[in-house]
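Below, chain A is the first sequence line, B the second, and so on; all start at residue 1. What you see is a predicted model; the values in this text were computed from it and never measured. Computed from heavy atoms alone, side chains included, the values below leave out hydrogens, waters and symmetry copies.
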Amino acid sequence: MAVSTTPPLRRRNAMTSRQIASQDEDYARWYNDIVQKADLADYSPVRGSMIIKPYGYELWENIQGGLDRRFKATGHKNAYFPLFIPMSFIEKESKHIEGFAPELAVVTHGGGKELEEPLVVRPTSETVIGHAFSKWIHSYRDLPLLINQWANVVRWEMRTRLFLRTMEFLWQEGHTAHATEEDAIEETMRMLDVYVDFAINEAAIPVIKTRKSESERFAGAIETYSIEAMMGNKWALQSGTSHYLGQNFAKAFDIMYTDESNERQYCYTTSWGVSTRMVGAIVMAHGDDRGLRLPPRLAPIQVVVVPIYRDEEQHDLVMNAVLDICDPLITVGMRVHIDDREGLTPGFKFNDWEMRGVPVRMEVGPRDVENNSVMLVRRDQEGKAAKQSASRDNLIQTVSRLLNDIHREMLAQATAFRNGNIRLVDTYDALKEAVTDSWALAYHCGQPACDATVKEDTKASSRGFPLDKNETWSPDGEKCVVCGKQALGMAYFSRAY
RNA sequence: CGGGGCGUAGCGCAGUAGGCUAGCGCGCUGCGUUUGGGACGCAGAGGUCGCCGGUUCGAGUCCGGCCGCCCCGACCA
């Protein structure tokens with residue numbers, strides 16, 4: 001019988017769970033405290049890069065699982081392309097090189113000798129994959145070609161933050177090639193919707209789909225779409241992107257096919273990605289002053305069991321009951337961890353696991369054993385409301401309902417918070433005021449100059465034109481609140497990570 | 001790269017008119033008592049005081065240089 005599906009913590013952690021800054025007092029510090037004290041990540045000896053610790057990596061693995069299932073379900077296959085990219089590849093697409101040049105890490109030496117051609121450590125893989133696609137695609141029958149890869153990438157960042165921006169990070173990058181513009185655009189939007197579905201149904205984070213303005217667009221894309229999430233300090237976090245690349249990379253890398261009429265045509269390509277930044281999104285969208293709050297479907301540990309006993313006799317009684325209780329839960333796939341650490345009081349364990357964000361705590365003591373019950377405590381709520389005594393009968397159903405409830409409640413809380421912090425504005429003064437403590441939604445022309453003006457005046461950036469809202473709000477006759485010219489639609493502005 | 005802050009035990013810190021064996025809390029190890037919201041006692045372990053150089057009889061403390069980290073900005077997923 002499996003005692004636990006999660007690696008047991010045999011030792012108490014070196015970090016004390018106290019001493020985390022409050023969110024109000026210092027949000028940046030709160031974030032750093034949580035990430036480190038909940039054992040998600042640690043600093044590394046190399047500036048700007050991080051060590052993802054087992055608990056953080058399990059969270060990432062669950063994110064990977066949720067995304068990978070969805071990619072497979074939409075017909076994509078995984079592959080792996082090399083870390084090193086010839087410098088000349090990067091240079092083939094003019095906008096691409098222009099955008100990425102400042103953040104490239106370049107290998108100039110190998111085997112003790114200077115290389116004839118420097119190798120770029122991939123900042124993204126459009127170029128190597130484009131090169132491969134040009135060899136693989138011959139006929140319209142080869143299309144669409146739907147590939148994803150899980151990989152690390154490197155971007156030389158000036159300023160880094162754990163998970164949110166590190167010089168090396170993990171992500172998935174999808175790359176697809178299509179016969180027509182329509183097909184490629186459809187793919188771009190489909191994968192954006194996959195990200196939305198993942199964010200809402202796995203991470204319990206409400207996200208807004210946007211089309212990016214020109215200045216926020218991916219280097220080399222025709223259009224960039226994103227999902228934007230609101231963090232606990234009301235800043236925005238771009239949590240996933242999907243790019244329609246048109247024929248830009250097809251032309252740079254000769255990605256061509258022969259159509260039904262035996263004509264040679266350039267493909268239309270897309271790319272889309274979600275990174276370990278999603279971990280940061282989860283921390284900041286849900287966390288509170290007691291620590292992490294992990295969405296149940298991604299949490300490495302969904303249920304932590306804290307046995308309570310006074311002496312050896314009770315210990316045996318309780319532990320036997322605990323194993324009996326957990327076995328069926330584990331069998332149906334719940335991620336259960338039994339905290340059997342000796343010498344720690346239950347109270348310490350309660351706080352410890354709350355800090356680590358475990359959605360459900362199950363307390364089992366002599367009284368519960370006698371009553372054929374357990375005490376369930378949910379992390380998404382506080383005080384008495386969070387606790388309920390539950391019968392051991394039907395426990396699988398009780399716990400799985402509770403996990404679903406918690407997911408729904410966390411999504412509802414995050415949605416209410418976000419909706420309560422968006423302000424519709426119709427003048428530039430109102431926009432400037434709004435972005436000091438919320439998101440602003442305003443008619444916007446989408447010009448880089450206006451984005452830059454807003455950035456300079458307020459530190460807030462253009463987050464994009466929300467797709468859903470602009471279906472109903474016609475920009476006809478509406479003016480950009482910044483420059484007064486014809487608006488393209490409503491756009492969000494806010495401080496962002 | 002500019003502005004601010006900080007480097008003393010795993011973590012948080014104290015210690016500087018230059019002085020003797022470098023300290024406190026938490027954590028860690030052992031034993032015992034404890035255990036339904038962060039237990040307690042006793043006994044222990046743990047340090048090139050970020051690095052290099054200088055001043056001095058003597059430097060964690062003073063001087064010079066360097067390195068690193070965090071926060072705020074300019075760039076970005």
Side-chain angles (χ1 to χ4, degrees), chain A residues 11-21 26-33 36-37 42-48 99-104 123-124 153-173 195 212 215-219 224 226-229 236-243 271-281 290 306-312 314-315 318 341-355 361-369 374-375 377 382-384 386-387 389 452 455-456 459 461 495-497:
Chain A
R11 305 244 153 267
R12 54 187 106 168
N13 196 277
M15 299 275 192
T16 165
S17 55
R18 283 178 242 200
Q19 303 169 318
I20 53 178
D26 187 340
Y27 197 81
R29 176 144 181 231
W30 169 85
Y31 177 79
N32 281 328
D33 287 350
Q36 289 174 86
K37 289 177 179 163
D42 200 355
Y43 289 104
S44 86
V46 178
R47 180 192 82 84
F100 277 106
E103 38 186 336
L104 294 180
T124 179
V153 287
V154 168
R155 297 180 186 179
W156 212 262
E157 300 289 351
M158 302 182 189
R159 166 115 191 256
T160 58
R161 295 177 206 258
L162 296 170
F163 287 112
L164 302 173
R165 175 163 299 102
T166 45
M167 297 220 303
E168 177 186 2
F169 58 94
L170 306 182
W171 76 346
Q172 60 65 218
E173 46 179 324
Y195 289 157
K212 289 296 195 179
S215 61
E216 296 283 327
R217 207 173 283 156
F218 175 73
T224 287
S226 76
I227 52 171
E228 299 284 326
L237 183 70
Q238 178 174 304
S239 310
T241 51
S242 187
H243 313 292
S271 66
W272 27 273
V274 159
S275 72
T276 37
R277 172 180 263 196
M278 183 61 82
V279 173
R290 290 189 292 158
V306 179
I308 294 153
Y309 47 82
R310 282 172 195 283
D311 50 35
E312 198 63 25
Q314 285 190 353
H315 172 270
V318 166
R341 289 177 291 180
E342 307 268 342
L344 291 175
T345 62
F348 180 92
K349 293 179 180 179
F350 297 167
N351 287 285
D352 197 39
W353 292 110
E354 276 169 7
M355 194 265 300
R361 177 175 79 240
M362 183 188 296
E363 304 171 17
V364 180
R367 292 207 296 271
D368 300 296
V369 175
V374 296
M375 185 63 72
V377 186
E382 294 187 41
K384 279 239 166 72
K387 295 191 182 185
S389 179
K455 190 72 183 276
E456 198 168 316
K459 295 177 188 167
S461 57
R495 294 291 296 265
Y497 282 102

Pairwise side-chain contact, Pro123(A) with Glu103(A), heavy-atom cut-off 4.5 Å (strictly under): no

Side-chain touch Leu164(A)/Tyr31(A), heavy atoms, less than 4.5 angstrom: yes

Base-pairing mate for G58(B) - Watson-Crick or G-U, with both contacts under 3.5 Å: none

Touch class at under 4.0 angstrom, heavy-atom based, for Leu237(A) against every strand present: nothing

Partner nucleotide of C69(B) by Watson-Crick or wobble geometry (both distances under 3.5 Å): G5(B)

Touch class at under 4.0 angstrom, heavy-atom based, for Phe169(A) against every strand present: base

Sugar-phosphate, base or nothing in reach of Glu354(A), heavy atoms under 4.0 Å: base

Minimum-distance nucleotide (side-chain atoms of Tyr43(A) versus C69(B), A39(B), A74(B)): C69(B)

Side-chain donor/acceptor of Lys387(A) to base of G36(B), under 3.5 Å: no

Closest listed nucleotide, where the reference is the side chain of Glu157(A) and the choices are A39(B), G36(B), C75(B): C75(B)

Integer-rounded Å distance: G5(B) P and Arg29(A) CZ: 17 Å

Stepwise side chain to side chain contact (heavy atoms under 4.5 Å, CB included) check, Tyr195(A) with Thr241(A): CA-CA 8 Å; Tyr195(A) 289 157; Thr241(A) 51; over 6 Å; no

Nearest-nucleotide pick for Asn32(A), side chain only, options being C71(B), A74(B), U35(B): C71(B)

Check: Val274(A) main-chain N/O paired with Gln172(A) side-chain donor or acceptor under 3.5 Å: yes

Residue whose closest nucleotide on RNA chain B lies nearer the 5' end, Ala496(A) versus Asp368(A): Asp368(A)

Minimum-distance nucleotide (side-chain atoms of Thr345(A) versus C75(B), A39(B), U35(B)): A39(B)

Nearest-Å distance for atom pair CG/C1', residues Asp352(A) and G27(B): 12 Å

Sugar-phosphate, base or nothing in reach of Thr224(A), heavy atoms under 4.0 Å: nothing

Touch class at under 4.0 angstrom, heavy-atom based, for Arg495(A) against every strand present: sugar-phosphate

Proximity to the side chain of Asn351(A) - top-ranked nucleotide from A39(B), G37(B), A74(B): G37(B)

Touch class at under 4.0 angstrom, heavy-atom based, for Gly365(A) against every strand present: base

Nearest-nucleotide comparison on RNA chain B, the residue closer to the 5′ end among Thr276(A) and Arg161(A): Arg161(A)

Protein-nucleotide distance (Met355(A), atom CE; G37(B), atom P), rounded to Å: 19 Å

For G44(B), the Watson-Crick or wobble partner whose two distances fall under 3.5 Å: C28(B)

Side chain of Val377(A) (C-beta onward), nearest among A74(B), U35(B), G37(B): G37(B)

Touch class at under 4.0 angstrom, heavy-atom based, for Gln238(A) against every strand present: sugar-phosphate

Base G37(B) to side chain Arg361(A), donor-acceptor N/O within 3.5 Å cut-off: yes

Tyr27(A) OH to C71(B) P, straight-line distance once rounded to whole Å: 14 Å

Any Arg155(A) side-chain heavy atom under 4.5 Å of Thr124(A) side chain: yes

Leu344(A) CG - G27(B) C1' separation (whole Å): 11 Å

Opposite nucleotide pairing with G23(B), Watson-Crick or G-U, both atom distances under 3.5 Å: C13(B)

Side chain of Arg310(A) - closest among G37(B), U35(B), A39(B): U35(B)

Rounded interatomic separation in angstrom, taking CD from Glu342(A) and P from A39(B): 15 Å

Geometric class of the His243(A)/Phe218(A) ring pair [parallel <30°, tilted 30-60°, perpendicular >60°]: parallel

